[in-house]
Amino acid sequence: MGTKLLLAVISFIFIFFDARSQQKDVVDTLSGFVKAANTRDLSGYFSSIIDMSILEDENEYSKPQAELILRNFFSKNKPVSVSILHRLNSNPNYLYAVLSVLTVTNKFRFSISLSNGDKFLIKEIRIEYDKE
């Protein structure tokens, strides 16, 4: 009985830490795509419908529409550097990240919400001017 309990606890710990490391990898991966302005790979993480707010324009878009809009944004605002300001990963089914994105023209704040089904998918992206 004691051995089974010990194995169950160890298994839980490994599963818990593996899930947390995968969550961190998703945010790191997405920030790399943003830095490279890689909308093709970034859109691979989009859900079929995504809420997108870029500055004053807010709407719900299909995955291909959202990729096109984001590509247009990056064509006008080439990223120079990206840093992760905040990462919420305490829920295994939900991730939230805030990125600071310095571009050639301005500094922006990206807020990204993801939900987990088979894998984490972006449900919402908000881009606004960084107020700092």
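Note: hydrogens, waters and symmetry copies are ignored here, and every other heavy atom, side chains too, is used.
To the nearest 0.5 Å, the span separating CD1 on Ile84 from CZ on Phe110 amounts to 13.0 Å. For the atom pair CG of Leu88 and OH of Tyr96, the computed distance is 9.0 Å after rounding to the nearest 0.5 Å. Separating the OG atom in Ser53 from the CD atom in Glu60 is a distance of 13.0 Å, to the nearest 0.5 Å. Taking CZ of Phe108 as the reference point, atom OG1 of Thr103 lies at 4.5 Å (rounded to 0.5 Å). Rounding to the nearest 0.5 angstrom, the gap separating the NZ atom in Lys107 from the OG atom in Ser100 is 4.0 Å. The structure places CZ of Phe46 at 12.5 Å from NZ of Lys123, a figure rounded to the nearest 0.5 Å.
Across all non-hydrogen atoms, the minimal contact from Gly44 to Lys119 is O-NZ, 3.3 Å. Smallest separation of non-hydrogen atoms from Ile50 and Ser62: CG2-O, 4.4 Å.
With a 4.5 Å cut-off on side-chain heavy atoms, Asp57 and Phe73 do not count as touching. Side-chain contact between Ser83 and Leu85 is present, with at least one heavy-atom pair separated by less than 4.5 Å. In this structure, Leu70 and Leu42 have side chains that are in contact, with non-hydrogen atoms separated by less than 4.5 Å. Taking 4.5 Å as the limit, some side-chain heavy atom of Arg87 sits within range of a side-chain heavy atom of Asp28. At least one side-chain heavy atom of Thr29 sits less than 4.5 Å from a side-chain heavy atom of Tyr45. In this structure, Leu30 and Leu114 have side chains that are in contact, with non-hydrogen atoms separated by less than 4.5 Å. A heavy-atom distance below 4.5 Å is not found between the side chains of Leu68 and Tyr61.
In this structure, Ile49 is not a member of the same hydrophobic cluster as Leu95, with clusters built from ILVMFWY side-chain heavy atoms closer than 4.5 Å. Taken together through direct or relayed side-chain contacts under 4.5 Å among Ile, Leu, Val, Met, Phe, Trp and Tyr, Leu102 and Tyr129 form parts of separate hydrophobic clusters. Criterion: ILVMFWY side-chain heavy atoms under 4.5 Å apart, direct or through other members. Under it, Leu55 and Met52 are part of a common hydrophobic cluster. No continuous path of hydrophobic side-chain contacts links Ile125 to Leu121 [ILVMFWY only; heavy atoms under 4.5 Å].
Between Glu124 and Arg126, at least one side-chain nitrogen of the basic residue sits less than 4.0 Å from a carboxylate oxygen of the acidic one, meeting the salt-bridge criterion. A salt bridge links Arg71 to Glu67: one of the charged nitrogens lies within less than 4.0 Å of a carboxylate oxygen.
At distances below 3.5 Å, at least one donor-acceptor pair connects side-chain atoms of Ser47 with backbone N or O atoms of Ile122. In this structure, Asn116 contributes its side chain and Pro92 its backbone to a donor-acceptor pair below 3.5 Å.
Enclosure of atom NZ in Lys63 by more than 12 non-hydrogen atoms of other residues, nucleotides or ligands within 6.0 angstrom is indicated. Heavy atoms from other residues, nucleotides or ligands lying under 6.0 Å from NZ of Lys76 number 12 at most.
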*Trace of the side-chain contact (heavy atoms from CB on, under 4.5 Å) decision for Phe74 with Asn38*: CA-CA 9 Å; Phe74 284 133; Asn38 185 345; over 6 Å; no
*Does the pair Val27 and Asn89 meet the rule for a side-chain contact (heavy atoms from CB on, under 4.5 Å), with working shown?*
CA-CA 10 Å; Val27 173; Asn89 58 3; over 6 Å; no
